[in-house]
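Worksheet: one structure, shown below.
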Amino acid sequence: MTGTAAPRQKTGRGNQTQRKRGGAPLWLRLLKGLGAALVVTIAGVAVFALLMQWIRPSDGVVRVFNQVLKLVSIGAGVTFAVGCGQEGGLLRGAAVGAMYMALGVAVYALLSGQQAPATAYLADLGMGVAGGGIMGMILSNISPK
């Protein structure tokens, strides 16, 4: 024997084997991803609010920044939820994107007191699902280092 361990065989308890290798249950990874997306959003909004005092952006610039920040936040969240080379990136990424956008729509509706058209809410949810799914697919196909 050379001191190397024999390769692990699948025992049918994939979730336990995953935890032994440093992985976490799916629901926890999704919550970590959602939390990361929220942190990026809060930081981005805070920085942009400070910059608004000096640059006085137009409404169009604010709208574009809002969309870019949403996509960057979803990307950060998906990175935490999926990881490089992991299976199920499309579904995990889409789930993080959907949860993030659903939470954003709910918070917007509560804080603004305004009712946006249902198509606007559906467009936001669709962007979250698509952006998260694409990011998840990309990360799933990157080999871990």
Side-chain angles (χ1 to χ4, degrees), residues 2-52 54-55 57-112 114 116-145:
T2 61
T4 60
R8 288 191 173 195
Q9 294 195 1
K10 213 170 193 175
T11 61
R13 294 178 291 184
N15 207 11
Q16 287 180 346
T17 305
Q18 182 183 16
R19 281 191 212 134
K20 288 179 184 175
R21 289 182 291 187
L26 178 61
W27 65 269
L28 185 58
R29 291 188 74 146
L30 292 176
L31 283 180
K32 283 182 181 180
L34 180 61
L38 293 175
V39 167
V40 170
T41 298
I42 291 168
V45 167
V47 169
F48 192 65
L50 291 173
L51 290 175
M52 284 182 71
W54 293 301
I55 61 175
S58 67
D59 286 344
V61 171
V62 172
R63 273 190 232 108
V64 168
F65 175 80
N66 183 29
Q67 297 302 322
V68 169
L69 180 60
K70 286 177 189 177
L71 288 174
V72 168
S73 297
I74 290 170
V78 171
T79 301
F80 272 82
V82 174
C84 293
Q86 298 292 319
E87 291 182 17
L90 171 68
L91 294 177
R92 287 184 195 178
V96 169
M99 290 186 323
Y100 173 81
M101 293 305 259
L103 184 63
V105 164
V107 168
Y108 173 78
L110 289 174
L111 293 179
S112 71
Q114 298 176 354
T119 55
Y121 292 142
L122 290 174
D124 274 354
L125 287 173
M127 183 181 87
V129 169
I134 290 169
M135 184 69 179
M137 283 190 309
I138 290 169
L139 285 172
S140 287
N141 289 304
I142 295 175
S143 298
K145 292 182 180 182

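Worth knowing before you read on, the calculation uses all heavy atoms, side chains too, and leaves out hydrogens, waters and symmetry mates.
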Solution key, residues 117-135 side-chain donor-acceptor pairs under 3.5 Å, sequence neighbours excluded:
{"residue": "Tyr121", "atom": "OH", "partner": "Ala116", "partner atom": "N", "Å": "3.3"}
{"residue": "Asp124", "atom": "OD1", "partner": "Lys70", "partner atom": "NZ", "Å": "3.4"}
{"residue": "Asp124", "atom": "OD2", "partner": "Lys70", "partner atom": "NZ", "Å": "3.4"}

When rounded to the nearest 0.5 angstrom, what is the spacing between CD1 in Ile74 and CG in Leu34?
10.5 Å
Measuring from atom CG of Leu71 to atom CG of Asn66, what distance do you get when rounded to the nearest 0.5 angstrom?
10.0 Å
Non-neighbouring partners of Phe48 that pass ring-ring contact (aromatic ring centres under 6.0 Å, His included), sequence neighbours left out:
Phe65
Within the side chain of Ser140, is there an N or O that forms a donor-acceptor pair under 3.5 Å with the backbone of Gly85?
no
Between the main-chain N or O of Val78 and the side-chain N or O of Arg92, is there a donor-acceptor pair closer than 3.5 Å?
no
Tightest non-hydrogen contact, residues Ala76 and Ala36, listed as O-CB, 4.2 Å
Show the atom names and distances, to 0.1 Å, of all donor-acceptor pairs under 3.5 Å that link a side chain in residues 37-47 to residues at least two apart or in another chain.
{"residue": "Thr41", "atom": "OG1", "partner": "Ala37", "partner atom": "O", "Å": "2.9"}
{"residue": "Thr41", "atom": "OG1", "partner": "Ser73", "partner atom": "OG", "Å": "2.8"}
{"residue": "Thr41", "atom": "OG1", "partner": "Tyr100", "partner atom": "OH", "Å": "2.5"}

